Participant: 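Take this structure first; my questions come after.
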2 protein chains.
Amino acid sequence: MTKGALPGLTLCNNATLRRAGRKLGRFYDDVLAPSGLKGTQYGLLYQIHIGSEPAMGAIAEALIMDLSALGHTLKPLIRDGYVETFADKDDRRVKRVRLTPQGGLKLDEATKLWTIAQQRFEAMLGKDQAAKLRAALDEIATLDFDMPPAR
Amino acid sequence: MTKGALPGLTLCNNATLRRAGRKLGRFYDDVLAPSGLKGTQYGLLYQIHIGSEPAMGAIAEALIMDLSALGHTLKPLIRDGYVETFADKDDRRVKRVRLTPQGGLKLDEATKLWTIAQQRFEAMLGKDQAAKLRAALDEIATLDFDMPPAR
DNA sequence: CGGAAAAAGTGGCATATGCCACTAATTGAA
DNA sequence: TTCAATTAGTGGCATATGCCACTTTTTCCG
């Protein structure tokens with residue numbers, strides 16, 4: 001009976017998304033485990049890597065996450081020496097972020113594992129399905145939920 | 001420049017799912033805010049509601065979440081008097097969960113708000129798109145990620 | 001029957017995320 | 001120039017989730 005239809009809340013978009021997120025997150029986490037990074041941390045390192053010494057705010061915006069949440073999530077990575085921050089030359093309010101050499105190596109190491117997870121997942125769901133899913137998710141990410149409260 | 005294409009990690013299924021999850025989660029949380037419940041808590045109350053005094057393990061399985069995580073998430077709901085637990089008559093290891101009368105009322109109240117969130121979201125993404133998305137997400141939720149480690 | 005193994009939760013520890021109240025640095029007028 | 005808004009982050013507090021080490025019950029055998 002453990003197999004079969006999923007009971008309940010199959011109607012709530014939010015709950016369904018969260019549930020799938022827990023499942024997929026654990027999978028990526030498991031595969032990335034040998035590197036010592038969680039899926040979230042891998043994504044964050046990658047985002048920093050592809051940016052040009054991005055400011056905290058720029059990262060938060062790209063990842064659609066709260067600025068303070070980003071700050072918290074960054075701490076273990078800084079503590080472990082994968083990331084470092086420095087003040088922007090022209091605006092001292094701005095704090096920029098970059099990978100340390102160690103962080104770069106760790107990212108490379110983790111990318112090998114990530115590729116495995118990515119391939120295994122896409123082999124199961126289907127490359128097309130996965131691409132369509134990401135497209136739909138990206139669409140949600142760009143939606144503008146602001147009409148009612150007016151302004 | 002704030003608008004436009006999403007930079008980076010649009011390739012990682014996990015990162016994309018998490019990002020959309022943060023966005024959608026905040027939307028549902030905002031709409032549910034007047035009830036004092038978060039989207040996660042609403043989903044949990046609902047899951048308990050549709051079950052027959054479900055055991056912790058049953059809930060965790062349905063929501064695909066860690067049993068201990070469920071225990072932690074349940075605490076604030078118990079503290080606030082929306083949920084109560086009791087030992088199973090036949091197996092004292094099992095702890096069953098049910099809504100209190102207050103919890104039932106709160107669920108009804110929150111459901112009105114949830115309906116608004118759900119409708120607003122589906123109006124933006126499209127009912128079809130939303131249904132397809134949930135189907136895809138449910139498929140992920142049922143995938144069996146266990147081959148490599150063999151057994 | 002009696003002890004090993006399995007099943008269901010709990011507690012502690014760590015990361016992931018958000019919101020709110022603040023602080024510091026800039027920008028914009030008057 | 002000077003002081004009120006705005007912008008970028010930080011810290012504290014609370015929930016969301018996981019994993020691991022245990023404790024308590026049951027179940028299973030020999």
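Hydrogens, waters and symmetry mates play no part in the numbers below; they use all other heavy atoms, side chains included. Bear in mind the structure is a predicted one, so any value in this text is a computation, not a measurement. Numbered from 1 within each chain, the chains take letters A, B, ... in sequence-line order.
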Participant: Would you indicate, yes or no, if dT17(C) has its OP1 or OP2 atom less than 4.0 angstrom from a side-chain nitrogen or oxygen of R18(B)?
Facilitator: yes

Participant: Here's a test of your reading of the structure: between Q41(B) and D90(B), which maps to the more 5' nucleotide of DNA chain D?
Facilitator: Q41(B)

Participant: Within the 4.5 Å heavy-atom criterion, are L99(B) and E84(B) side-chain neighbours or not?
Facilitator: no

Participant: Check whether any side-chain N or O of T40(B) sits under 4.0 Å from OP1 or OP2 of dA16(D), and answer yes or no.
Facilitator: yes

Participant: Tell me: NZ of K23(B) to C1' of dT17(C), nearest whole Å?
Facilitator: 16 Å

Participant: With nearest nucleotide decided by heavy atoms, which residue, A55(B) or G39(A), maps closer to the 5′ end of DNA chain C?
Facilitator: A55(B)

Participant: Rounded to whole angstrom units, what separation is found between the CZ atom of R92(B) and the P atom of dT27(D)?
Facilitator: 11 Å

Participant: CZ of R19(A) versus P of dG18(D): gap in Å, rounded?
Facilitator: 13 Å

Participant: Looking for any heavy atom pair under 4.0 Å, which part of the strands does G71(B) touch: base, sugar-phosphate only, or nothing?
Facilitator: nothing

Participant: Assign each of V94(A) and R22(A) to its nearest nucleotide of DNA chain D by heavy atoms, then name whichever residue's nucleotide is nearer the 5' end.
Facilitator: V94(A)

Participant: Using the ring pair (Phe, Tyr, Trp, His ring centres under 6.0 Å) criterion, which residues pair with F121(B)? Sequence neighbours excluded.
Facilitator: none

Participant: Report the distance from atom CE of M56(B) to atom C1' of dT23(D), rounded to the nearest whole Å.
Facilitator: 15 Å

Participant: Taking 4.0 angstrom as the limit, do R96(A) and E53(A) come out as a salt bridge?
Facilitator: no

Participant: How close or far is atom C1' of dA14(D) from atom CG of L77(B), stated in whole angstroms?
Facilitator: 13 Å

Participant: Using a strict threshold of under 4.0 Å (side-chain N to carboxylate O), is an ion pair present between E122(B) and K127(B)?
Facilitator: yes

Participant: Establish, for the pair R98(A) and F86(A), whether the NZ or CZ atom is under 6.0 angstrom from the six-membered ring centre and no further than 45 degrees off its axis.
Facilitator: yes

Participant: Measuring from atom CD of E109(A) to atom OH of Y42(A), what distance do you get when rounded to the nearest 0.5 angstrom?
Facilitator: 11.5 Å

Participant: Using a cut-off of less than 4.0 Å, is there contact between a side-chain N or O of R79(A) and OP1 or OP2 of dT15(C)?
Facilitator: yes

Participant: Between the protein and nucleotides 19-21 of chain D, list the N/O to N/O atom pairs that are separated by less than 3.5 angstrom.
Facilitator:
| residue | atom | partner | partner atom | Å |
| --- | --- | --- | --- | --- |
| dC19(D) | OP2 | R26(A) | NH1 | 3.4 |
| dC19(D) | OP2 | D66(B) | OD1 | 3.3 |
| dC19(D) | N4 | S68(B) | OG | 2.2 |

Participant: Please state how far atom CG in L74(A) lies from atom C1' in dA16(C), giving the value in whole angstrom units.
Facilitator: 13 Å

Participant: Could a donor-acceptor pair under 3.5 angstrom be found where the side chain of R93(B) meets the base of dT24(D)?
Facilitator: no

Participant: Among side-chain atoms of Q41(A) and Y82(A), is any donor-acceptor pair under 3.5 angstrom?
Facilitator: no

Participant: Write down the distance between CE (M65(A)) and C1' (dA16(C)), rounded to a whole number of angstrom.
Facilitator: 7 Å

Participant: Once you round it to whole Å, what is the distance between C1' of dG11(D) and CG of L67(A)?
Facilitator: 12 Å

